[in-house]
2 protein chains.
Amino acid sequence: MKKYISILKRTRLFAGVGDSEIELLLPCLSARLCTYKKGEYVLRQGEHLSDIIVLVDGNLHIQKDDYWGNRSILGQISVGEMFGEAYVTPESGAVLNDVVALEDSVVVYFDVKKIITTCSSACRFHATVVQNMFFAISEKNRKLVQKLGHMSKRSTREKLISYLSEEAKRKKSSSFTIPFNRQQLADFLSVDRSAMSNELCKMRDEGLLEFQKNKFTLR
Amino acid sequence: MKKYISILKRTRLFAGVGDSEIELLLPCLSARLCTYKKGEYVLRQGEHLSDIIVLVDGNLHIQKDDYWGNRSILGQISVGEMFGEAYVTPESGAVLNDVVALEDSVVVYFDVKKIITTCSSACRFHATVVQNMFFAISEKNRKLVQKLGHMSKRSTREKLISYLSEEAKRKKSSSFTIPFNRQQLADFLSVDRSAMSNELCKMRDEGLLEFQKNKFTLR
DNA sequence: ACAAGTCCGTTGTATTTACAACAGAAAGAA
DNA sequence: TTCTTTCTGTTGTAAATACAACGGACTTGT
């Protein structure tokens, strides 16, 4: 666990909390470390959850496969990001999506009850963590709304423009690398891969953008 | 303001807080009442926000119109529900969507800073509100994920099935009324109204469901 | 009651997308 | 290297969707 404290320190959840304080907080929040090999499932649709999870190493996808084998990728989780926060309220039911490791990954589980129930005065940074968690969920919420913005576009081209310009804005550069290959991007935007590939090339030919593999440049 | 306390008491945000306590909390949270006539905008895309808002009377839609006039309805807000919570973190930028009153509506603004900064011991229910807000946002998050589930379906029929069966589950009955007319439902699911109308009738002819106006019955 | 406006279903056509299949490029393994 | 496997772009066809347009049912306001 100790080797990941420096990473936890840089996460949203522990912003403003120092190394030594984090070490004190960890047992107070019932922190548990778990490792997953590439391809393993961190969460499965239908499970119940009472923890918030932070990725400290590796890379995860939030996805769902339907009865006909169509895969939807709802999002991607990078090191330092939090997930599972939508399923920890008393009323929330089962987990709606799978979370799968794209590479060997390490996560830390935190008991939500412990987080929201401010404990003894021993850990005075507890309140900071609660506030951080609030901000983190709020931010997540915003991301979901943004994704809904992409998804609500009617055509493949519009979805691509919506997503790519969003990424450009986020990375503050017209050149950026996306965390998806073509199939994954198609699953993320809920479109057909070949149709999307087609559209991307058309847009390139029209001079709207350039790309090499996962690196895109908007014009 | 007083006439809405009984409504606030029944909201998620104030669950477990009594009438008299709410009255004490209101000034402590910088509560401000605002009324909007049918058709007026409560929030506009691009605005900045530092409040959480609760609807205490009326009915609202969260929506966005693009350059070409296509409207997307991201969600609908009923009395007692909270919104705006995604835009109140230090880093969150402008509001991404419009919020418009479908009928004459009344909302209450709460200063977020006041909420998350636990105040003097005078209002001992403050901590409860913080926890409630956490649950409420978490719940909202879940709703967004569910909507993404509908949106990620490829065909109009699948989107309809996804949405309608979700509603049936939520209302715990195979008969239920939806808060949208046809055009609004189409905007909500990001499909063409006539194509959707067509599909609905096909499904009815196949015996999958029945409907009169906004009342649906699944078979 | 009447007029104006809205809502809903229906139809035909043009456009777009999904699906299947394939070939070349790139990446990995033996 | 050579052999696989994966990834990407391309094409043709079938299917689904968007768009425009219209008539009837229902509302609303005068």
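Convention: sequence-line order gives letters A, B, ...; per-chain numbering from 1. These numbers come from the heavy atoms of this one structure, side chains and all, not from hydrogens, waters or symmetry mates. If you're wondering where the values come from, they're calculated on a predicted model, not measured in any experiment.
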Do A/Arg154 and A/Glu158 sit within salt-bridge range, that is, some charged N less than 4.0 Å from a carboxylate O? no
Exactly one candidate in B/Asn97, B/Asp98, B/Asp187 meets side-chain contact (heavy atoms from CB on, under 4.5 Å) with B/Lys64; the answer is B/Asn97
In whole angstroms, how far is the P atom of D/dA16 from the CD atom of B/Glu158? 11 Å
Check B/Arg157 with B/Glu206, please: is the shortest side-chain N to carboxylate O separation under 4.0 Å? yes
Check each residue of residues 188-204 of chain A for a non-hydrogen atom within less than 4.0 Å of any atom in DNA chain D, then write out the ones that pass by number, or none. A/Arg193, A/Ser194, A/Ser197, A/Asn198, A/Cys201
I need the CD-P distance between B/Gln183 and D/dC19, as an integer number of Å. 11 Å
Output one line per pair: protein atom, nucleotide atom from nucleotides 24-30 of chain C, and distance, for all N/O pairs under 3.5 Å.
none

Test of ring centre spacing under 6.0 Å for B/Phe110 and B/Phe14: yes
With a 4.0 Å limit, can you tell me whether B/Thr156 has a side-chain N or O closer than that to the phosphate oxygens OP1/OP2 of D/dT17? yes
Nearest whole Å is fine: how far is C/dC8 P from B/Gln184 CD? 9 Å
Starting at CG of A/Asp187 and ending at P of C/dC19, how long is that distance when rounded to a whole Å? 12 Å
Have a look at A/Glu81 and tell me which of A/Arg12, A/Lys140, A/Lys143 forms a salt bridge (charged side-chain N to carboxylate O under 4.0 Å, His left out) with it. A/Lys143
Report yes if at least one side-chain N or O of B/Arg182 is closer than 4.0 Å to OP1 or OP2 of C/dG9; otherwise report no. yes
How are the rings of B/His150 and B/Tyr163 set to each other: parallel, tilted or perpendicular (split at 30° and 60°)? perpendicular
Using whole Å, what does the distance between atom C1' of nucleotide D/dC7 and atom CD1 of A/Ile178 come to? 13 Å
Please report the distance, rounded to the nearest Å, between CD in A/Gln212 and C1' in D/dT8. 14 Å
Rounded to whole angstroms, how far apart are CG on A/Leu160 and P on D/dT8? 14 Å
Go through it in stages, so that I can follow the logic: the residues are B/Met151 and A/Ser190, the test is side-chain contact (heavy atoms from CB on, under 4.5 Å), and I'd like the CA-CA distance, side-chain angles, deciding distance and then a yes or no. CA-CA 8 Å; B/Met151 300 286 295; A/Ser190 284; over 6 Å; no
A/Glu91 with B/Arg142: basic N within carboxylate O range, under 4.0 Å: no
Quick one: list whatever passes side chain to side chain contact (heavy atoms under 4.5 Å, CB included) with A/Asp111, sequence neighbours left out. A/Ser30, A/Asp51, A/Lys113, A/Lys114
Rounded to whole Å, the CG-P distance (B/Asn214 to C/dC8) equals 6 Å
